[in-house]
Every structure is written in C-alpha cells, then in structure tokens.
Amino acid sequence: MTASNTAPAMIRMEAVDKYFGTLHVLKDINLEVPKGQVVVVLGPSGSGKSTLCRAINRLEPINSGLIEVDGKPLPAEGKQLAQLRAEVGMVFQSFNLFAHKTIAENVSLAPLKVRKMPAAEARKTTMALLERVGIANQADKYPAQLSGGQQQRAAIARALAMKPKVMLFDEPTSALDPEMVQEVLDVMTSLASEGMTMLVVTHEMGFARKAAHRVIFMSDGEVVEDTTPDEFFTAPKSARAKDFLGKIL
Ligand code: ADP
Ligand code: MG
C-alpha cells in the first residue's frame with residue numbers, strides 16, 4: 001500500500017519519555033501517524049509496544065514530551081478524557097467483554113451511556129456494526145457462548161460503536177486459536193481499506209506486509225526503524241531488526 005504522508009497527523013508524539021520507577025520504557029519517542037494511515041508496530045516482548053499504545057489514550061501517563069490526537073494535546077482528566085477515550089478505540093489481546101451482558105448490550109453500552117443515544121438508534125447502530133464484523137446472528141448471546149474470534153470481533157464492534165477517529169490494536173489475535181486469527185485480521189483489513197487510522201501491535205507478519213502502510217520496529221523502549229513493510233522485511237537496517245526477523249521468520 002502507498003502511504004499518504006501529506007495527510008495531517010492523527011497521532012503525534014514528540015520527545016515522549018516514560019518510566020516505570022527507574023525502568024526507562026519509552027525513550028524519546030517521536031512519531032507521527034497521518035490520518036488514514038495503518039502503522040504496524042513490531043518488536044520483541046518488553047520493548048514498550050503496549051506502553052506506547054496505552055500512552056496514546058492515556059491509560060499510562062507519560063513523564064515528559066507531548067502527545068496529540070487529531071491536533072489536540074491529551075487531556076489529563078474529566079470529561080475531555082472520556083471524550084478522548086471514545087475517539088481513540090482500543091482493542092486488547094484479552095477481549096474484556098462484560099460477561100453478564102449480551103453481545104449487543106456490550107456494543108451499545110457506551111453509546112447509550114456516554115453518547116446518550118436513544119435506545120432504538122443504539123440497537124440499529126449495534127446491529128449494523130455486528131453485521132459489519134460478521135456476527136449479527138450472535139447479537140443476543142453472551143460472550144462465553146461465542147468463540148474467541150467472535151468475541152474479538154465483538155470487541156472491535158464495541159470500539160467502533162463510539163465512532164472513533166483512530167483505532168489502537170494491541171496484539172488482537174495473540175490469545176486466539178490459530179484457526180480464528182484470520183477472521184479477526186479480515187475485519188481489521190476491511191477497516192484499513194475504509195480509511196481508518198490504525199496503530200496495530202501484532203506478530204502477524206502477513207498482515208503487516210499486506211495491510212500496513214508503514215512499520216515501526218521497537219526495541220528496548222526506542223523506535224529503531226520506521227519504514228515501509230517492503231523495506232523492513234527485505235532490507236532491515238539495524239542489527240536489532242535483523243536479529244528479530246531472524247527469530248520470527
Ligand atoms: P511490550 O508490549 O513490547 O511487550 P510493554 O510495554 O508491556 O512491552 O513493557 C515495556 C517494559 O515495561 C517491560 O520491561 C515491562 O516489564 C515493563 N512494564 C510494563 N508495564 C509495567 C508496569 N505497570 N509496571 C512496571 N513495569 C512495567
Ligand atoms: Mg505488549
């Protein structure tokens with residue numbers, strides 16, 4: 001895919017540093033994700049990928065630097081923070097659906113509560129989203145009655161229900177049985193092709209090659225490479241990226 005580097009930034013990180021105690025987990029991160037771009041974040045375990053994602057919707061506060069979403073600095077608290085969390089959809093490895101609510105209730109909860117959407121409209125929007133991720137026929141079941149792949153697609157629908165401007169995915173297929181990985185990647189690929197801005201932490205190299213405009217390689221809290229998938233997979237520059245690719249390919 002070709003990256004549109006001229007689009008305005010949806011996510012901007014400038015000189016971001018983050019520590020856990022004395023552990024320096026994000027080191028001077030400078031990163032811009034233009035609107036509509038799909039960025040895959042690769043790197044070994046412990047390199048800071050999850051912390052990077054969590055910093056963007058302020059699940060983790062940073063120690064210094066600047067993060068902007070759609071041109072606005074991250075709010076620290078209150079209504080604006082709730083608004084930011086709605087605009088920045090996040091999908092985790094664990095699906096985090098409410099066990100005692102149906103799939104449709106899980107998806108419509110935030111629109112009803114946060115957006116104060118009328119019930120009939122929420123049901124209509126929810127069903128359209130479940131249709132889009134291919135599980136409309138599961139709407140009135142409970143999470144435990146669904147496969148892992150279906151639950152993760154429900155989690156994606158739930159994030160989309162807030163009409164996010166950007167979607168963050170943190171290893172969305174890592175907890176799935178192998179036969180369910182593709183159905184989730186297919187939903188993500190279709191979102192990407194519709195122009196959603198996405199930051200995706202994944203070990204799925206097929207997805208990175210096909211759907212990403214750009215690959216960020218992290219190691220030890222640093223962005224070590226920031227390039228096209230083609231370049232990254234065929235001609236990685238750093239020893240650390242070569243070592244990483246040697247282990248996974
Ligand atoms: P990745 O997602 O690339 O595996 P993480 O962002 O989860 O990496 O973690 C980066 C580093 O920060 C690791 O060394 C990890 O052990 C550490 N870390 C992550 N979360 C916490 C936390 N809440 N408290 C202390 N250390 C943490
Ligand atoms: Mg992680």
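First listed ligand is number 1; within each ligand, the first listed atom is number 1.
Annotation for Phe98: atom CZ does not count as buried by contact number, only 12 or fewer foreign heavy atoms lying within 6.0 Å.
Taking 4.5 Å as the limit, every side-chain heavy atom of Phe169 sits out of range of all side-chain heavy atoms of Leu199. Side chains of Ile56 and Val69 form a contact here, defined as non-hydrogen atoms less than 4.5 Å apart. Looking at heavy atoms from C-beta onward, Leu109 lies in side-chain contact with Lys101 at the 4.5 angstrom threshold. At least one side-chain heavy atom of Met188 sits under 4.5 Å from a side-chain heavy atom of Val200. For the pair Arg58 and Arg85, the minimum side-chain heavy-atom distance is below 4.5 Å.
At a cut-off of 3.5 Å, with distance as the only test, no side-chain donor of Thr102 or Asp140 sits close to an acceptor on the other residue. Between the side chains of Thr51 and Glu60, no donor N or O sits under 3.5 Å from an acceptor N or O.
A distance limit of 4.0 angstrom between heavy atoms and ligand 1 selects the residues Phe20, Leu23, Val25, Pro44, Ser45, Gly46, Ser47, Gly48, Lys49, Ser50, Thr51.
Within the protein, the N, O or S atoms sitting under 2.8 Å from the Mg ion (ligand 2) are Ser50 OG.
Classified by interplanar angle (parallel below 30°, tilted 30° to 60°, perpendicular above 60°), the ring pair His24/Tyr19 is parallel.
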